[in-house]
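Before any comments, here is the structure.
Positions are given from 1, in the same order as the sequence printed here. Predicted model only: the values in this text are computed from it and were never measured.
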Amino acid sequence: MRPHVHVNVAMSADGKLSTRERRQVKISGSSDFTRVDRIKAESDAIMVGIGTVLADDPSLTVKSPALVAERRENGKDENPVRIVVDSRARTPIDAAILHKGKGERIIACSLKADTEKKEALSEYATVMVSGEGEVDLSLLLSLLHDRGIRTLMVEGGGTLIWGLFHEGLVDKLTCYVGNMVIGGDRAPTLADGEGFIHESDFIRLSLYGYERIDSGILLTWTVERTTT
């Protein structure tokens, strides 16, 4: 068993999440920020990869006081469980995700992560080992389900998202496409990693809906499941 996985991203019209230097770019506007904050507030957990932490230093907190109050009224922590997929335990000790806002944090690493780094991170977060050289995403999601996490929002980056798609672990994709072109063959995209070679392996999506928001468009997809 695993949580329902909802990948949410904002990308440029040419499919880039940020610049080639991986510098954070404001792609969407206030209306989309409100939408994303609602998804966070309604999720049991939110996940990012270590690349996103190192590049953007996000806190992943719920921003709206009304949504925070709503979570409290429902007997929940102010913020969803915040998870970093970090095979080598490279999360900085002063990272915002470890210090800003109330709630549980999880650092998911591999057996090859440095013991001292894991011990240092354990002062601020629960350190979960899943996999030998890299984090085993399927095992990690199973462990998260065992901890009561049923809905998981994923915010990036491209390597983590690729890994989840590759393992067949994504259920829903919402993608805000902004009104800009960033360019660059080294700029991160929605799904990086190795990529599929054969068309038969491609992940197929069903368009669930679309909506104009701010100066762009929001596309909502569900992942098609193959039956054998």
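Nearest approach of Val154 to Val5, heavy atoms of both residues: CG2-CG1, 3.9 Å. Residues Pro80 and Val62 approach most closely at CD-CG2, 3.8 Å, considering heavy atoms. Closest of all the heavy-atom pairs between Gly148 and Asp44 is O-OD2, 4.1 Å. Scanning all heavy atoms of the two residues, the minimum distance from Leu190 to Cys175 falls at CD1-SG, 4.1 Å. Residues Ser130 and Leu143 share a closest heavy-atom pair of CB-CD1, 4.4 Å. Gly133 and Ser87 get closest at one heavy-atom pair: O-CB, 4.1 Å.
Within 6.0 Å of the CZ atom in Arg212, the count of heavy atoms belonging to other residues, nucleotides or ligands does not exceed 12. For Arg150, the CZ atom counts as densely surrounded, since its 6.0 Å shell holds more than 12 non-hydrogen atoms of other residues, nucleotides or ligands. For Glu167, the CD atom is densely surrounded, since the number of other residues' heavy atoms within 6.0 Å is greater than 12. Surrounding OH of Tyr208 are at most 12 heavy atoms belonging to other residues, nucleotides or ligands under 6.0 Å away. Around NZ of Lys118, the count of heavy atoms belonging to other residues, nucleotides or ligands within 6.0 Å exceeds 12. Residue-environment remark: CD (Glu116) stays at or below the threshold of 12 foreign heavy atoms within 6.0 Å. Residue Leu207 qualifies as enclosed at atom CG: its count of foreign heavy atoms under 6.0 Å is above 12.
Checked against the 6.0 Å centroid threshold, Trp162 and Phe196 count as a close aromatic pair.
Looking at residues two or more places apart in sequence or on another chain, you find no side-chain hydrogen bond (donor to acceptor under 3.5 Å, both in side chains) involving His166.
Put simply, the side chain of Arg147 reaches to within 4.5 Å of the side chain of Met128, judged on heavy atoms. Counting only heavy atoms from C-beta outward, the side chains of Ile106 and Val81 approach each other to under 4.5 Å. At a threshold of 4.5 Å between non-hydrogen side-chain atoms, the residues His145 and Met1 count as touching. Put simply, the side chain of Arg105 does not reach to within 4.5 Å of the side chain of Tyr124, judged on heavy atoms. Put simply, the side chain of Ser142 does not reach to within 4.5 Å of the side chain of Arg2, judged on heavy atoms.
In the hydrophobic clustering of this structure, Ile27 does not group with Val36; members are Ile, Leu, Val, Met, Phe, Trp, Tyr whose side-chain heavy atoms approach within less than 4.5 Å, directly or through other members. Val7 is connected to Leu137 through a chain of hydrophobic side-chain contacts under 4.5 Å among Ile, Leu, Val, Met, Phe, Trp and Tyr, so both are in one cluster. By the rule that hydrophobic residues join a cluster once side-chain heavy atoms approach within less than 4.5 Å of another member, Ile161 and Ile203 end up as members of one cluster. In the hydrophobic clustering of this structure, Tyr176 does not group with Val9; members are Ile, Leu, Val, Met, Phe, Trp, Tyr whose side-chain heavy atoms approach within less than 4.5 Å, directly or through other members. Leu205 and Met153 are assigned to two separate hydrophobic clusters, defined by single-linkage of ILVMFWY side chains at heavy-atom distances under 4.5 Å.
Side-chain N or O atoms of Ser12 include one that pairs as donor or acceptor with a backbone N or O of Lys16 at under 3.5 Å. Put simply, the side chain of Ser43 gets close to the backbone of Ile39: a donor and an acceptor are under 3.5 Å apart. Asp214 places a side-chain N or O within donor-acceptor distance of the main-chain N or O of Gly29, the cut-off being under 3.5 Å. The backbone N or O of Thr91 sits less than 3.5 Å from a side-chain atom of Asp86, completing a donor-acceptor pair. Between the Ser59 side chain and the Ala96 main chain, no donor and acceptor come within less than 3.5 Å of each other. When atom types are taken as modelled, the side chain of Arg204 and the backbone of Val223 share no donor-acceptor pair closer than 3.5 angstrom. Using a distance-only test at 3.5 Å, with no hydrogens or angles considered, a donor-acceptor pair links the side chain of Asn79 to the main chain of Lys102. A distance-only check finds no donor-acceptor pair linking the side chain of Arg90 to the backbone of Ile50 [under 3.5 Å].
Separation of atoms CD (Glu123) and CG (Leu98) is listed at 11.5 Å; rounding is to 0.5 Å. From Arg72, atom CZ reaches atom CG of Leu67 across 11.5 Å, with rounding to the nearest 0.5 Å. For the atom pair Leu144 CG and Ile149 CD1, the distance stands at 4.5 Å (nearest 0.5 Å). Interatomic distance, SG of Cys109 versus CG of Asp114, reported as 10.0 Å (0.5 Å rounding). Considering CD1 of Ile217 and CD1 of Ile213, their distance stands at 9.0 Å, rounded to 0.5 Å. To the nearest 0.5 Å, atoms CG (Leu121) and CD (Glu119) are separated by 10.5 Å.
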Verdict with supporting geometry, Asp136 and Ser138, side-chain hydrogen bond (donor to acceptor under 3.5 Å, both in side chains): CA-CA 6 Å; Asp136 182 326; Ser138 183; 4.8 Å; no
Side chain to side chain contact (heavy atoms under 4.5 Å, CB included) assessment of Met47 paired with Leu160: CA-CA 9 Å; Met47 176 185 286; Leu160 172 60; 3.8 Å; yes
Verdict with reasoning, Lys63 to Thr61, per side-chain hydrogen bond (donor to acceptor under 3.5 Å, both in side chains): CA-CA 6 Å; Lys63 304 301 188 291; Thr61 54; 3.2 Å; yes
Trace of the side chain to side chain contact (heavy atoms under 4.5 Å, CB included) decision for Val25 with Met180: CA-CA 11 Å; Val25 177; Met180 65 189 69; 4.0 Å; yes
From CA spacing to verdict: side chain to side chain contact (heavy atoms under 4.5 Å, CB included), Trp221, Ser206: CA-CA 5 Å; Trp221 307 87; Ser206 294; 6.0 Å; no
Stepwise salt bridge (charged side-chain N to carboxylate O under 4.0 Å, His left out) test for Arg38 and Glu70: CA-CA 11 Å; Arg38 167 62 68 177; Glu70 186 177 304; 3.0 Å; yes
Audit row: Ile46, Ile83, side chain to side chain contact (heavy atoms under 4.5 Å, CB included) steps and yes/no: CA-CA 6 Å; Ile46 179 169; Ile83 305 164; over 6 Å; no
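Judged purely by distance below 3.5 Å, without hydrogens or angles, the side chains of Ser110 and Glu134 never pair a donor atom with an acceptor atom. Checked by atom type, the side-chain pair Asp192/Thr189 shows a donor-acceptor distance below 3.5 Å.
Note on Glu155 versus Arg82: no salt bridge recorded, every NZ/NE/NH1/NH2 to OD/OE distance being 4.0 Å or above.
With His6 as reference, Thr174 is the one residue of Thr220, Asp171, Thr174 to meet the side-chain hydrogen bond (donor to acceptor under 3.5 Å, both in side chains) rule.
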